[in-house]
Amino acid sequence: MQLSEQEILRRENLQKLREMGIEPYPAEAFEVTAYAKEIHEEFNDDAGEPLNFQHVSLAGRLMGSRVMGKASFAELQDSTGRIQIYIARDEICPGEDKELYNTVFKKLLDIGDFIGVKGFAFRTRMGEITIHVKELAVLSKALHPLPIVKRDEEGNVYDAFTDPEQRYRQRYVDLTVNPHVREIFLKRSKLISAMRRFFDGRGWLEVETPVLQPIHGGAAARPFKTFHNTLDIPLYLRIANELYLKRLIVGGFEGVYEIGKMFRNEGMDRTHNPEFTSMEIYVAYKDYQWMMGMVEQLAEYVALEVTGHTKVEYEGQVIDFAGPYRRLTMYDAIKEYTGIDISGMDEAALRGACKQLGVEVDSSMGKGKLIDEIFGEKVEENLVQPTYIIDYPVEMTPLAKKHRSKPGLVERFELFVNGKEIANAYSELNDPIDQRQRLEDQLRLAERGDFEAMAMDEDFLRALEYGMPPTSGLGIGIDRLAMLLTNQHSIQEVLFFPQMRPEKAKQQEKQEEIG
RNA sequence: GAGCCCGUAGCUCAGCCGGCUAGAGCACUUGACUUUUAAUCAAGGGGUCCUGGGUUCGAGUCCCAGCGGGCUCACCA
């Protein structure tokens with residue numbers, strides 16, 4: 001792998017800086033006293049008022065320059081945005097020696113280099129707030145040329161860096177040149193911090209539970225398997241943390257939540273990445289009815305904190321997170337969208353209904369799975385505004401408590417937004433005998449060929465036998481919620497480093513080349 | 001896993017029915033320019049056309065295989 005012309009030039013520039021006695025990667029800290037954004041927002045040059053930002057020190061990447069002989073304008077991009085800087089030869093080089101301007105600034109600095117500037121804020125003739133530079137320092141040389149993205153006055157973007165493969169593989173470049181990408185991740189971060197604030201404010205405890213689990217419980221999915229040498233046992237990356245969080249409720253905490261990565265060894269697409277972030281919370285002495293109210297408050301709070309509004313635009317639709325949300329039983333939802341009343345149907349009748357509706361099924365599917373198929377096929381996509389689907393058939397939900405008044409159902413809800421499930425909650429099953437029974441039913445499903453049926457976890461059952469208070473639990477897919485709140489329709493756009501096939505030998509060859 | 005589309009300069013892209021030395025804009029280099037802002041003006045350099053085969057007098061272009069990516073579908077609590 002050859003270095004490109006531009007890469008060679010930058011390496012030469014690096015060498016020349018060293019020859020001039022300028023260290024391109026200085027060790028000492030550079031004191032930053034101001035940021036682009038605050039200067040744009042707060043600079044005050046109204047007549048009669050004292051000027052502010054008259055002694056500032058900024059650091060960031062050089063993102064463009066317009067050299068006009070003995071004076072230049074350039075763009076400095078720091079963590080808050082861009083600001084124009086003005087550099088005049090005779091000001092940064094007051095003596096005879098004009099090298100700092102003529103050679104260092106004009107020739108040896110490249111776009112992408114980190115620099116530090118000291119000077120004062122002013123407004124140019126054209127009205128742009130600008131830093132008049134008195135001192136210039138090289139903070140870190142960039143050897144790889146950045147894509148140059150230009151924007152005109154109307155905000156039109158030219159030569160955007162858009163190739164998804166490169167954007168995901170080199171997210172650092174994407175974040176550097178695409179401010180809208182940066183915005184998405186700032187919002188994602190706000191989403192998580194808002195959620196923490198909401199829970200912490202109610203006195204619930206943030207906890208951490210094992211990622212490496214000897215038994216992968218709490219959900220139905222294929223796990224990643226690994227091996228612990230010292231213990232000489234297989235371990236699984238968690239597909240869920242539900243059973244551990246419930247153990248903590250058994251242990252006496254009233255409310256516990258965990259925000260963390262789950263791992264599922266399944267397909268990848270626009271809404272699935274092998275590792276993803278979930279939030280699960282369990283609160284004692286509550287039921288799923290209470291939880292629906294809590295989720296409405298949470299979703300409204302989070303939407304407001306992240307976007308400033310409860311109404312969020314997503315793929316051209318306006319979604320309103322202000323509660324209360326419509327509540328619809330699973331059977332009623334199916335009746336509403338298919339015209340068929342499946343309540344009271346046995347497995348054979350359900351198979352008939354699937355056939356009638358053109359829903360594909362196979363012989364390994366039990367009653368719960370059949371209903372789920374109909375729902376997924378015929379109902380989900382219609383649930384655009386936040387909607388609770390409640391009261392699921394017991395067969396689909398081995399960890400939820402039996403419905404207080406409706407036989408054959410459990411106390412469960414899922415929250416659908418824009419046709420996608422974003423939250424799932426139960427009145428948690430805390431009857432240890434019933435729980436054992438349900439897990440045994442899962443084993444039978446597994447024997448029928450459902451390789452995703454849940455595994456038996458004797459220690460979890462033992463914990464329930466010690467007694468778990470009535471509890472409601474909730475899980476939220478953070479990535480999908482982030483997609484909704486940032487108007488993105490691919491999970492890769494809300495993950496810094498989405499899973500990709502490894503890049504080929506290119507990088508290796510290059511390493512060898514450079515030594 | 002299946003179908004469709006894509007892979008050409010650092011970036012964004014042209015490149016026709018296979019035909020001279022593979023092009024453009026930005027970026028880069030050299031020069032001019034002390035309030036520019038997609039700075040401007042002049043000149044110039046830069047390519048493993050994803051990889052490997054094949055067809056052909058001749059392949060960026062056609063065929064086959066592979067690698068990587070995107071979209072759609074399937075799978076997926």
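Within every chain, numbering begins at 1; the chains are lettered A, B, ... in the order of the sequence lines, protein sequences first and strands thereafter.
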Point to revise | U8(B) versus G47(B) - spacing of their C1' atoms, nearest Å | key: 8 Å
Exercise for review: Would you mind checking if Asp434(A) and Lys402(A) are paired as a salt bridge, meaning a charged N to carboxylate O distance below 4.0 Å?
Suggested key: yes
Practice item. Give none if A65(B) has no partner; otherwise give the nucleotide forming a Watson-Crick or G-U wobble pair with it, both distances under 3.5 Å. Key: U51(B)
Practice item. Could you state the atom-to-atom distance from CD1 of Ile8(A) to C1' of A9(B) in whole Å? Key: 14 Å
Check your understanding: According to a strict under-4.0 Å criterion, is Lys150(A) in side-chain N/O contact with OP1 or OP2 of A38(B)?
Key -> no
Exercise for review: With heavy atoms under 4.0 Å as the rule, sort Glu414(A) into base, sugar-phosphate or nothing.
Suggested key: nothing
**Study point:** Separation of A42(B) C1' from Met68(A) CE (nearest whole Å)
**Key:** 18 Å
Review point. Checking all strands, does Tyr101(A) fall into the base, sugar-phosphate, or nothing category for heavy-atom contacts under 4.0 angstrom?
Key: nothing
**Study point:** Nucleotide nearest Tyr158(A) (side chain, heavy atoms from C-beta), chosen from A27(B), A38(B), A77(B)
**Key:** A38(B)
Check your understanding: Is it the case that Asn424(A) and Arg412(A) place a side-chain donor and acceptor less than 3.5 Å from each other?
Key -> yes
Exercise for review: Using a 4.0 Å heavy-atom cut-off across all strands, classify Thr162(A) as base, sugar-phosphate, or nothing.
Suggested key: sugar-phosphate
Point to revise | Complementary nucleotide for A14(B) - Watson-Crick or wobble, under 3.5 Å | key: none
Review point. So, is Gln84(A) close to the U36(B) phosphate, meaning a side-chain N or O under 4.0 Å from OP1 or OP2?
Key: no
Check your understanding: Nearest of U37(B), C11(B), G46(B) to any side-chain atom of Met126(A)?
Key -> U37(B)
Review point. For Tyr86(A), which contact category applies under a 4.0 Å heavy-atom criterion: base, sugar-phosphate, or nothing?
Key: base
Practice item. Could you work out which one of U36(B), U12(B), A77(B) sits closest to the side chain of Thr130(A)? Key: U36(B)
Practice item. Between Arg123(A) and Arg151(A), just flag the one whose closest nucleotide in RNA chain B comes earlier from the 5' side. Key: Arg123(A)
**Study point:** Between Gln492(A) and Ser490(A): side-chain donor-acceptor atoms closer than 3.5 Å
**Key:** yes
Review point. Is the phosphate of A39(B), meaning OP1 or OP2, less than 4.0 Å from a side-chain N or O of Arg66(A)?
Key: yes
Practice item. Quote, to the nearest angstrom, the C1' distance that separates G52(B) from C16(B). Key: 28 Å
Exercise for review: Pick base, sugar-phosphate or nothing for Asp372(A), based on heavy-atom distances below 4.0 Å to the nucleic acid.
Suggested key: nothing
Practice item. Establish whether the base of A27(B) is bridged to the side chain of Gln6(A) by a donor-acceptor pair shorter than 3.5 Å. Key: yes
Check your understanding: Looking at Arg66(A), Arg61(A), Arg151(A), which hits salt bridge (Lys or Arg N to Asp or Glu O under 4.0 Å) with Glu75(A)?
Key -> Arg66(A)
Check your understanding: Can you check whether Arg222(A) has a side-chain N or O nearer than 4.0 Å to OP1 or OP2 of C76(B)?
Key -> no
Review point. Do Glu5(A) and G45(B) have a side chain to base donor-acceptor pair shorter than 3.5 Å?
Key: yes
Practice item. Using the P atoms only, state how far A27(B) lies from A2(B), rounded to an integer number of Å. Key: 44 Å
Check your understanding: When rounded to the nearest Å, what value does the distance between P atoms of C26(B) and C41(B) take?
Key -> 9 Å
Exercise for review: Taking atom types as modelled, find out whether Asp391(A) and Tyr288(A) have a side-chain donor-acceptor pair closer than 3.5 angstrom.
Suggested key: yes
**Study point:** Separation of U37(B) P from Glu153(A) CD (nearest whole Å)
**Key:** 9 Å
Practice item. Indicate whether OP1 or OP2 belonging to G68(B) is found under 4.0 Å from a side-chain N or O atom of Arg501(A). Key: yes
Practice item. May I ask which nucleotide in the shown strands pairs with U40(B), Watson-Crick or G-U wobble, both distances under 3.5 Å? Key: A32(B)
Check your understanding: Angle class for the Tyr86(A)/Phe73(A) ring planes (parallel below 30°, perpendicular above 60°, tilted otherwise)?
Key -> tilted
Review point. Base, sugar-phosphate, or nothing: which does Phe122(A) touch, judged by heavy atoms less than 4.0 Å apart?
Key: base
Review point. Say you pick atom C1' in G25(B) and the same atom in A9(B); how far apart are they, in whole Å?
Key: 12 Å
Check your understanding: How is Ser4(A) classified with respect to the nucleic acid when contacts are heavy atoms under 4.0 Å: base, sugar-phosphate, or nothing?
Key -> sugar-phosphate
Point to revise | Spacing of the P atoms in U48(B) and A43(B) (rounded, Å) | key: 27 Å
Review point. Would one find more than 12 heavy atoms of other residues, nucleotides or ligands at under 6.0 Å from atom NZ of Lys225(A)?
Key: no
**Study point:** Rounded distance in Å - CD1 (Ile85(A)) to P (U34(B))
**Key:** 18 Å
**Study point:** Out of U37(B), C28(B), A77(B), whichever nucleotide has its closest atom nearest the side chain of Glu128(A)
**Key:** U37(B)
Point to revise | Sugar-phosphate only, base, or nothing, as touched by Pro498(A) at under 4.0 Å among non-hydrogen atoms | key: nothing
Between N or O atoms, less than 3.5 Å apart, protein on one side and nucleotides 73-75 of chain B on the other: list the pairs.
unit_1 : atom_1 : unit_2    : atom_2 : d
C75(B) : N4     : Asp269(A) : OD2    : 3.0

Practice item. Compare the minimum distances between each of G68(B), U29(B), U36(B) and the side chain of Arg169(A), then state the nucleotide with the smallest one. Key: G68(B)
Practice item. For nucleotides G60(B) and U51(B), find the distance between their C1' atoms and express it as a whole number of Å. Key: 14 Å
Review point. Can you tell me how far P of U36(B) sits from NE2 of His132(A), to the nearest Å?
Key: 15 Å
Study note, to complete from the structure: Heavy-atom closest pair (Asn430(A) atom, Lys401(A) atom, distance to 0.1 Å) is OD1-CE, 3.1 Å
Exercise for review: Please determine, for C4(B), whether a Watson-Crick or G-U wobble partner exists with both distances under 3.5 Å, and give it or none.
Suggested key: G70(B)
Check your understanding: Within the side chain of Gln442(A), is there an N or O that forms a donor-acceptor pair under 3.5 Å with the backbone of Met456(A)?
Key -> no
Review point. Quick one: which of C76(B), G45(B), U36(B) gets closest to the side chain of Thr124(A)?
Key: U36(B)
Exercise for review: To the nearest Å, give me how far apart CZ (Phe73(A)) and P (U37(B)) are.
Suggested key: 9 Å
Practice item. Find the distance His489(A):NE2 to C71(B):P and express it as a whole number of Å. Key: 7 Å
Exercise for review: Would you tell me if any nitrogen or oxygen in the side chain of Gln492(A) comes within less than 4.0 Å of OP1 or OP2 on G70(B)?
Suggested key: yes
Review point. For the pair made of CD in Gln488(A) and P in C71(B), what is the distance, rounded to whole Å?
Key: 12 Å
Any N/O pairs under 3.5 Å between the protein and nucleotides 30-32 of chain B? List them or say none.
unit_1 : atom_1 : unit_2    : atom_2 : d
G31(B) : OP2    : Lys107(A) : NZ     : 2.6

Review point. Distance between the P atoms of G58(B) and G53(B), in whole angstroms?
Key: 16 Å
